[in-house]
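Notes follow the structure.
Predicted model, so just to flag it, every value in this text is computed and none were measured. Convention: sequence-line order gives letters A, B, ...; per-chain numbering from 1.
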Amino acid sequence: MGIRSCAENSLAFRELKWAFDNKRKAISKMMDSGKKTVWMMGDDVPEEVILAAGMLPVRLCGYYGPRPNADKYLEISFGAYWRGLFEAIMNDEYKGMMDFLVLSNSSDIIQKLYYYLLELKRMEPERRLPVIEYVDYSLFTKDFRSQEHNVSETKEFIAKVEGWCGSKISDGDLADAIKVLNEYKKALRAFSALRYGKDSRVTGSEAITAIVGSFYFDKAKATELIKNLTKEAESWPKVEAVRVLYTGSMQETAEVYELMEAAGLNVVTEDKLFGDRYADRDTDPTIPPARAIASRYINRFPSSERAFIKERAGFIPERIKEVGAEGMVIFMNHNDESYIWDFPKQRDVLKKMGIQTLMIEDQYYPLKDKEELSRRFASFARTVKGGQI
Amino acid sequence: MSEEKKYETRSVKRLNTPKLTSAYQKEWFMGLRKRIEAGEPFGFVGANTPMEILQAMDIPFVVNQWWTAICAAKQMGPRFYDLLEQAGYRNDICSYCSAAYACSLDPKPEEGPWGGLPHPTLLICAESCSSGIKIEELMTEAFGAEAFRIHHYHQDVIKDNWWELSCDNWEELVGKKRIDFYENELRLLISFLEQKTGHRLDLNRLIETLNNVNEQETYYRMTRDLIAKTVPAPVTVTDTVNAVMQAQWHRGTRWGVEMAKSLYEEVKELVDKGIPAVPNEKIRLLWIGRGLWFNLAFYQHFEEKYGAAFIWTMYLGIAADGYIRHNVEENPIRSLASRFCFLEDILHVPPFNSQWFVKEARNNQIDGVVFLVPENCMNNGDFSYNIIKSLEDAGFPVCVLRADPADSKKWNQENMVAAVEELIENRIIPRKS
Ligand code: SF4
Ligand code: SF4
C-alpha cells in the first residue's frame, strides 16, 4: 500500500505531497505575502486569532534529521517527538523565518519547553529566538472554572496579538477567520470520511500526507486542494487491510504508517493533531468569537495528554465505532508513555466489543528496529483477521 | 520482601530528633487508623497541595510522595511496582507518584508499611503532570474517594533571586494574575472540604496554623544557615532528611514547631561543642533531586574514604527558603496561595532552580554536586543543562546519576558509587590541592 499510484496521479495530491515533503519551501512561499509569521507549537494555539490579525499561522513540525541541540539541552524524559520540535526551533532549518512562536498547554512537555526557550533567550541572546508566548488553556477538567479561564485566556491572547500586529482585532475579523477555518475543517472532515469503514478509499499514509501537507498552504488554497482531492479519492480503489485507530505519540511523517500498511494494517483515524483531530468540530459562528474559540479547544475530542482515563475510555470505543475500525494501535516513544495509564481501561472496554489492541512502547527516532516493528504489526494484523482475542 | 542487599542501606543515626519524629509518625499513623475506623474523613494529598488547610480543619492526611518515601525506606518498592505490572501498567515508570495506587492493588494490604495505607476518603491534587493526574484518578476510583483538583497555571513572571522576594514581597514574585486565580481555587477547595467533611475552616485557626508554619520554617532556616557556615558540618543529610520530612508533614502544628526547634537546638549544641558529623570532613557535597529513601546509607558511603559529606538536600533547603510568608493576617488564604503556586517552580522552572542551587552551593561552602535525574519520570524537565552549566560556571563540578529514586530493585550501587568517586577523585580533589 503506502502511497498508491491513484494518489500519485492526482494533481491535488501531488501539490499537497510537495508541501508535506518540502515544508520549508512551502512556508517560504506562504511568506511571499509579506505577512508576519506566528508559529504554533502544541495542539491548542487559537489559530483563528492569528488569522484574524492578518498574520500567518505556521504549524511547527519537528525536524527529522540529526538533533544535536535536543541532545545537548533536553533531558532523556523528552521523547522523540518533542526532541524534533525543539530541534526545529534551534537549528538552521527555519532560521530567520520565525517572528513569533506560540506554545500551548497541550502537554506537560510543551510547558517545559516554553520555560527552557525563555531561559535560552536570556542565556544565549545571540541565537535570536523569536518572541515567545504561551497559551495556558485549562484542558483536563472541563468544569466552569476551566471554561471561564479559557475565555479570559483567549481574550488575553487576542490583546497580545493586537500588540504584535499593531491594530485592533474586531469581532468581525474573528468571525471572518472562524468562517475560513470552519470551511477548511469541513473539507478535511469530508476527505477523512473516505478513510472510514469497509469502503475505505484512502490509506493512512496518503491521509497524513494530504492533511499535513495542507497545513502549509494559505487556508483558501488548502481548502480548495482538499476539496479537489476528495472528489478524486471517491473513485480510488478500496483499501484492503485491517482498519485501525492510531493513538500514542504524534506521527508527523508517514514512516510508521507505511510500516503498518506494509504489514496489512491501515490507519483509518488518529486522535492526533497531525491527522483527524485537527479538523474536529467547528468553531461556533453563532456565539461571541472569544467564547466560541475557547469552547472549541476545550470540547475537541480528548487527547491522552489532557483528558481523564474515564473520558478516553468512553471516547475511544465511540470513535472506533464511528470510523469502523477493527483494532487500535497505541504507539509510544520512549518517555512519551503517559498513555500507559489510559491503556488497561481502554483495552478492557474494547475487548468486550471484540476489538483488539496492540501496544508498542519504547520507540525512538530514528526507529531502532524496523524489522521487529513490522513483525509485530503483521502478527497483529493476522490476529485481528483471525478474530482471536 | 525484597532480595537480600549486598550493600548497607540503613544509615547511622546521630541525632535524637529524627528518632522522635519517626516514633511520633508511626504512633500518629496508628491513631489515624482508629480515627478512620471511627468514620472520620481522611485526605490523601500531593506534596504540592496546601496541606495547611487540612491541618487547620483537623482533617488527617497522608502525602502521596512521602508515602512513596516510606514504602521505599521499608524496601517495599519492588513489591508494589510488580503489582502495577500485573494490573497491566508498567513497573518502571512513575514510581515516585504511583506507590500508593500500587498499594491499593495489594491483595494483602495489611502487609504494607505500618499495617498498610487506609483508604482515603478525599483526594486533593494540584494539576501537575498528565500521568500524575491519571494516577490520581485511578486512586480516587480504587479508594472510592472524592477528589478535588486544584487548577494551576504557568508562571509568567520571571524574577532573579526569588528567595529575596518570597517572604515579604510574594505578590511581586508570583504575579497578580496567577495568585488571584490560585486564591480562588483555595476558596473552592475550602468549600468542598467543608461540605464533604462537615468540618469547618476557622479562620483564626488557619492564621494560627500559618504563623506556626512560619515559626517552624524559621527554625529550618536557622538550622540550614548554621550547617552552611560551620566547617566541618555538625550534621549531614542523613541526620536531617527524615526529621524535616516528617515534621513538614505536620507543618503548622505546635508539634511541628517543637520538632523544628529541637532539630535546631541539637545542631546548635553540636556546633557549640565543636562536634562534627564527619571529623575528617574535607569535601562538602550537595545533593539535587528526590531523596534516596531506600538507601540513605549511600549518603554516608563517602565519608570514611574521602572525608566527603553530603550536607545539603532540597528537603531542608526548601523548608528554609520556600515556605515562609509574612503578612499572613491580612489575607491568610492569599498568602497560602502565593506559597503553593510557586513551590514547584523552585525546583522545576529555570532560572528559579539554577540560581537557587548556585546560591545554596556558595552559602554552604560546597565542593561538588551530585544530581539525581529520575530515569522514569516523563515529567522530568528542570532544564538540567542549565542547572549543571550554572553550577559549573560558578565553580561547582556536577556529577549526574540517572536512577529510579523509589525502586531499590533498579539501583546499581556499584555504578553509582563509581560515578560519585569519579567526581571526588578527578574533579574535586585536584581542585582543592
Ligand atoms: S511523570 Fe513524573 S511527576 Fe508525573 S506522575 Fe510520573 S513520576 Fe510523577
Ligand atoms: S515538587 Fe516535583 S518532585 Fe515534588 S511532588 Fe511536585 S513534581 Fe514531584
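For a heavy-atom cut-off of 4.5 Å, chain A lies close to B:N380, B:G381, B:D382, B:F383, B:S384, B:Y385, B:N386, B:K389 in residues 380-391 of chain B. The interface of residues 327-337 of chain A with chain B, defined by heavy-atom distances below 4.5 Å, comprises A:N335, A:D336, A:E337.
With a 4.5 Å cut-off on side-chain heavy atoms, A:Y134 and B:H154 count as touching. When side chains are defined from C-beta on, B:R90 does not count as touching A:W341, because their heavy atoms never get closer than 4.5 Å. Counting only heavy atoms from C-beta outward, the side chains of A:L118 and B:Q155 never approach each other to under 4.5 Å. No side-chain heavy atom of A:F140 sits less than 4.5 Å from a side-chain heavy atom of B:R149.
More than 12 heavy atoms of other shown residues, nucleotides or ligands fall within 6.0 angstrom of atom NZ in B:K177. Counted within 6.0 Å of NZ on A:K155, heavy atoms from surrounding residues, nucleotides or ligands total 12 or fewer; the atom is thus considered open. Counting heavy atoms of neighbouring residues, nucleotides and ligands inside a 6.0 Å radius, atom NZ of B:K410 exceeds 12 of them.
Interface remark: of the candidates B:A87, B:P351, B:S98, B:C129, B:P351 forms the most heavy-atom pairs closer than 4.5 Å to chain A. Interface check for chain A: of the options B:P350, B:P374, B:C94, the most heavy-atom pairs under 4.5 Å are formed by B:P350. Of the listed residues A:E156, A:E153, A:Q111, the one with more heavy-atom pairs under 4.5 angstrom with chain B than any other is A:E156. When the candidates B:H152, B:E141, B:E136, B:E137 are compared by the number of heavy-atom contacts under 4.5 Å with chain A, B:E137 comes out ahead. Contact count versus chain B (heavy atoms, under 4.5 Å) is highest, among A:G79, A:S152, A:S146, for A:S146.
Listed for the A:S77 side chain is no donor-acceptor partner under 3.5 Å among the backbone atoms of B:M378.
Only the side chain of A:M123 comes within contact range of chain B, with heavy atoms under 4.5 Å apart. Both the backbone and the side chain of A:I309 come within contact range of chain B, each with at least one heavy atom under 4.5 Å from a heavy atom of that chain. Only the backbone of B:C377 comes within contact range of chain A, with heavy atoms under 4.5 Å apart. With a threshold of 4.5 angstrom between heavy atoms, A:E133 does not approach chain B through any atom at all. Both the backbone and the side chain of B:E375 come within less than 4.5 Å of a heavy atom in chain A. Only the side chain of A:E124 has a heavy atom closer than 4.5 Å to any heavy atom of chain B. With a 4.5 Å cut-off on non-hydrogen atoms, A:K345 touches chain B through its side chain but not through its backbone.
Listed by first and then second residue, the salt bridge (charged side-chain N to carboxylate O under 4.0 Å, His left out) pairs that reach into residues 112-121 of chain A are A:E119-A:R122, sequence neighbours excluded.
Going from atom OG1 of A:T141 over to atom CD of B:E127 covers 4.5 Å, rounded to the nearest 0.5 Å. To the nearest 0.5 Å, atoms CD1 (B:I133) and CD (A:E305) are separated by 12.0 Å. Interatomic distance, B:D156 CG to A:D136 CG, rounded to the nearest 0.5 Å: 8.5 Å.
Under the side-chain hydrogen bond (donor to acceptor under 3.5 Å, both in side chains) criterion, A:K272 pairs with A:Y339, not counting sequence neighbours.
The aromatic ring centroids of B:Y153 and A:H149 lie less than 6.0 Å from each other.
The nearest pair of heavy atoms linking B:G88 to A:P344 is O-CG, 3.5 Å. Here the closest non-hydrogen pair linking A:S338 and B:S131 is CB-OG, 3.1 Å.
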Practice prompt. For side chain to side chain contact (heavy atoms under 4.5 Å, CB included), just list the numbers for A:D143 and B:H151, CA-CA rounded to whole Å, side-chain angles, deciding distance to a tenth of an Å, and then say yes or no.
Written response: CA-CA 11 Å; A:D143 61 9; B:H151 294 195; 3.5 Å; yes

